[in-house]
Visitor: 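Just passing along the structure, written as structure tokens.
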Amino acid sequence: MANPSNGVIADALDELGDLYELDGAVIHRVLAYRNAAKVVRDAPTSVAALALEGRVTELAGIGATLEEKIRALIETGEIPAAVRLRERFPPGLLAITALPGLGPKRARRLFDELAIDSPQALREAAQAHRLRTLRGFGAKFEESVLAALDAGAAERASHRVVLDRALAVGDALCEALASLDPSARVVLAGSARRRAESVKDLDIVLDNPALLDQLAGLELIESASRTSESAARARTHNGMLVELRAVEPERFGNLLQHLTGSAAHNAALRERAVRAGLHISEYGLLDDATGASTFCSQEAELYELLGLPYIEPELRENRGELEAALAGTLPALVALGDIRGDLHCHTTASDGRASIEEMARAARERGYEYLAITDHSATHGFGDDVSPEQLLRAIELVRAAEQQVGGIRLLAGSEVNILPDGSLDYDDELLAQLDWVIASVHTSFGLDAAAMTERVITAARHPHVDALGHLSGRLIERREPYAIDTDAVFAACAQAGTLIEINASPDRRDLSEVHARAAAAAGVAIVINSDAHSPGGFDVLRYGVWTARRAWLRAADVANTLPWPELEAKLKRSR
DNA sequence: GCCGTTTTCGGCCCGACTGTTTTCAGTCG
């Protein structure tokens with residue numbers, strides 16, 4: 001049997017944590033499982049492989065006990081403790097804990113004392129007013145439970161919004177608020193500020209509480225209410241929830257840091273601070289020695305007080321950034337302005353909406369030095385295919401467009417399909433005439449991991465393939481990645497000198513941040529590409545740069561921060 | 001269950017809110 005992926009192992013540890021919590025384990029034991037699940041999910045290489053080498057305890061938060069459980073999962077497909085606990089606690093009980101206000105402790109009491117083991121049983125008990133017979137439960141609880149069940153809270157998985165949709169609303173809202181008081185500071189915090197792949201809600205920090213009363217008058221807002229002297233909650237017309245907090249200017253940095261998170265980063269930061277006799281909260285930095293609190297108008301001041309350099313929001317995921325900050329080894333992250341060219345875009349020759357010239361002018365206006373035209377290849381289908389004859393003609397058209405547009409180097413390229421057997425759909429003689437070839441999987445997503453890995457590695461080793469496109473095939477919040485051994489692909493690419501793309505489309509961001517970090521660590525050069533299908537499509541490049549930053553990449557890790565001649569010299573075709 | 005420039009055992013981040021209680025446990029972010 002193939003090794004379980006990091007995601008599968010992480011899910012198993014999360015489930016076991018939930019089961020232990022229902023079982024009444026001390027909370028720190030439960031948290032140890034949740035922490036381990038996160039560590040595994042974020043791990044850049046195969047945790048199963050690490051466990052089989054006996055090295056899994058090298059991961060912070062995984063000790064002998066968790067090692068044993070992970071090994072059992074790899075070797076038998078099950079963790080014995082989970083099997084045992086699943087028999088005691090029915091799945092419906094876990095579904096109940098998804099209801100607001102119902103955690104493991106209270107759910108367990110309902111199960112023990114009223115034999116409630118499903119949302120349906122809970123509904124019947126609430127309707128019959130049996131819940132209020134329990135000490136600590138009352139009429140209001142029965143009401144809120146029924147309301148939550150009617151709203152479908154038990155069935156509905158938490159709905160997350162992909163970052164581009166979230167920023168469209170969040171940035172516009174901040175702009176609208178700032179326009180009401182141009183002297184105010186209004187900053188979008190939370191996972192949107194950390195540029196995560198998707199967000200649950202929006203958090204906004206501002207330094208003028210009067211603005212909270214003007215929310216309801218904004219065009220974007222459907223409804224708004226004040227939740228306290230310094231806070232408000234709102235819902236936008238497209239259904240996003242927004243939490244707003246106002247704070248005095250001298251404490252703006254404290255609150256912004258708190259609300260930017262992540263929860264794991266903040267928890268780790270506070271734990272370190274406690275050892276130095278300091279207590280961090282959204283209200284200030286309390287020093288045990290003096291009993292006095294210090295306020296920070298800027299986030300950087302807070303990190304400085306903790307003896308740390310400023311940590312970029314994209315790094316705040318507790319993936320080693322605190323250790324690196326202490327050691328002075330935080331990377332200088334790649335920035336949008338470092339990117340000199342885009343190596344993946346489409347024109348009307350395939351499924352794009354603009355001509356070569358229009359795309360070239362748009363790229364030149366963005367300040368790019370070069371642009372690769374990479375329309376889909378011969379087997380693409382949907383009427384978007386480019387026949388070998390058309391591709392030969394396209395090379396001439398690209399050369400002519402370069403002359404006509406001027407001021408930008410145009411590369412004649414192709415986004416070539418990787419067929420199920422790993423072969424490409426143009427012959428080598430034709431591929432050899434191109435300046436740049438990117439190879440992607442667009443069909444047969446259902447292959448098993450071994451076949452898919454073999455397929456992609458075959459393409460990566462092809463002498464005319466410069467880079468792999470959107471490696472996992474995922475669509476964020478919509479389509480799971482297909483099964484593939486990414487570690488094996490990275491090793492093959494590093495060995496063959498094949499680059500791998502971070503496709504910047506906000507729905508893809510593929511490589512993911514975890515995979516991009518692993519690829520770079522394996523010695524693979526990364527390119528960040530827009531996959532633009534129109535001139536406006538170049539705008540999405542920032543999402544790719546954010547993924548690269550969340551992957552700890554520096555400009556030196558990203559090949560298209562180089563001028564084209566230097567990049568070209570590094571390609572295997574130049575060897 | 002993990003972990004250690006106070007510790008190999010005894011700790012393990014911070015605060016608000018809620019409903020139910022007369023002082024707080026559980027839940028949430």
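Just so it is clear, the model here is predicted, and its values are computed rather than measured. Residue numbers start from 1 in every chain, and the chains themselves are labelled A, B, ... in the order their sequence lines are given, proteins ahead of strands.
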Visitor: Please pick, from B/dC13, B/dT20, B/dC12, the nucleotide with the shortest atom-to-atom distance to any side-chain atom of A/Val274.
Guide: B/dC13
Visitor: Determine the interatomic distance between C1' on B/dG11 and the same-named atom on B/dA16; round to the nearest Å.
Guide: 25 Å
Visitor: Contact class for A/Ala268 (heavy atom, under 4.0 Å): base, sugar-phosphate, or nothing?
Guide: nothing
Visitor: Applying a 3.5 Å limit to both distances, which nucleotide forms a Watson-Crick or G-U wobble pair with B/dT8?
Guide: none
Visitor: Which whole number of Å gives the distance between the C1' atom of B/dG26 and that of B/dT20?
Guide: 11 Å
Visitor: Contact class for A/Arg106 (heavy atom, under 4.0 Å): base, sugar-phosphate, or nothing?
Guide: sugar-phosphate
Visitor: Checking all strands, does A/Ala264 fall into the base, sugar-phosphate, or nothing category for heavy-atom contacts under 4.0 angstrom?
Guide: nothing
Visitor: Is it true that A/Arg319 and A/Glu513 have a side-chain N and a carboxylate O under 4.0 angstrom from each other?
Guide: yes
Visitor: Which nucleotide, B/dG15, B/dT22, B/dC13, lies nearest any side-chain atom of A/Glu282?
Guide: B/dG15
Visitor: Take the protein atom CD1 of A/Ile96 and the nucleotide atom P of B/dG26, then report the distance between them rounded to whole Å.
Guide: 17 Å
Visitor: For A/Asp201, which residues count as a salt bridge (Lys or Arg N to Asp or Glu O under 4.0 Å) partner, sequence neighbours excluded?
Guide: none
Visitor: Which whole number of Å gives the distance between the C1' atom of B/dG1 and that of B/dT5?
Guide: 24 Å
Visitor: Take atom CD of A/Glu229 and atom P of B/dG15, then tell me their distance rounded to the nearest Å.
Guide: 20 Å
Visitor: Is a salt bridge present between A/Arg272 and A/Glu323, judged by a nitrogen-to-oxygen distance below 4.0 Å?
Guide: yes
Visitor: Rounded to whole angstrom, note down the C1' distance from B/dC9 over to B/dC14.
Guide: 25 Å
Visitor: Quantified in whole Å, what is the P atom distance between nucleotide B/dT6 and nucleotide B/dC12?
Guide: 15 Å
Visitor: Does B/dC14 have OP1 or OP2 sitting under 4.0 Å from an N or O in the side chain of A/His279?
Guide: yes
Visitor: Distance between the C1' atoms of B/dC3 and B/dT8, in whole angstroms?
Guide: 9 Å
Visitor: Please determine if a side-chain N or O atom of A/Ser144 lies less than 4.0 Å away from the OP1 or OP2 oxygen of B/dT18.
Guide: no
Visitor: More 5' along DNA chain B: A/Glu271 or A/Ala32, using each one's nearest nucleotide?
Guide: A/Ala32
Visitor: The side chain of A/His258 lies closest to which of these nucleotides: B/dC2, B/dG29, B/dC13?
Guide: B/dG29
Visitor: Roughly, in whole Å, what's the span from CZ in A/Arg275 to C1' in B/dG4?
Guide: 8 Å
Visitor: Can A/Glu143 and A/Lys140 be counted as an ion pair, charged N to O under 4.0 angstrom?
Guide: no
Visitor: Counting side-chain heavy atoms from CB outward, which of B/dG1, B/dT21, B/dC14 is closest to A/Arg270?
Guide: B/dC14
Visitor: Just to verify, what does A/His470 make a ring-ring contact (aromatic ring centres under 6.0 Å, His included) with, not counting sequence neighbours?
Guide: A/His442
Visitor: Answer yes or no: does a side-chain N or O of A/Tyr33 lie under 4.0 Å from OP1 or OP2 of B/dC2?
Guide: no
Visitor: Need one value for A/Leu259: base, sugar-phosphate or nothing, where a base atom within 4.0 Å counts as base even if backbone is also close, heavy atoms only.
Guide: nothing
Visitor: Give a yes or no on whether a salt bridge exists between A/Arg474 and A/Glu480, defined as a side-chain N under 4.0 angstrom from a carboxylate O.
Guide: no
Visitor: On a whole-Å scale, what distance lies between the C1' atoms belonging to B/dC17 and B/dT23?
Guide: 16 Å
Visitor: Expressed as a whole number of Å, how far does the P atom of B/dG19 sit from that of B/dC13?
Guide: 28 Å
Visitor: Taking CZ from A/Arg108 and P from B/dT27, how many angstroms apart are they, rounded to a whole number?
Guide: 13 Å
Visitor: Whole angstrom is fine here: how far is it from CD in A/Glu142 over to C1' in B/dT18?
Guide: 16 Å
Visitor: From CZ of A/Arg109 over to P of B/dG19, roughly how many Å is that when rounded to an integer?
Guide: 17 Å
Visitor: Base, sugar-phosphate, or nothing: which does A/Ala64 touch, judged by heavy atoms less than 4.0 Å apart?
Guide: sugar-phosphate
Visitor: Nearest to the side chain of A/Ser281, which nucleotide is it out of B/dC14, B/dG1, B/dC17?
Guide: B/dC14
Visitor: Picking from B/dT20, B/dT27, B/dC13, which would you name as closest to the side chain of A/Lys140?
Guide: B/dT20
Visitor: Nearest-Å distance, NZ (A/Lys38) to P (B/dG1)?
Guide: 21 Å
Visitor: From the list B/dC13, B/dG1, B/dG15, which nucleotide is the closest neighbour of the side chain of A/Ala267?
Guide: B/dC13
Visitor: Between B/dG1, B/dC14, B/dT20, spot the one nearest the side chain of A/Val26, thanks.
Guide: B/dG1
Visitor: Does a side-chain N-to-carboxylate-O contact under 4.0 Å join A/Arg130 and A/Glu124?
Guide: no
Visitor: Nearest-Å distance, CG (A/Leu286) to C1' (B/dG15)?
Guide: 13 Å
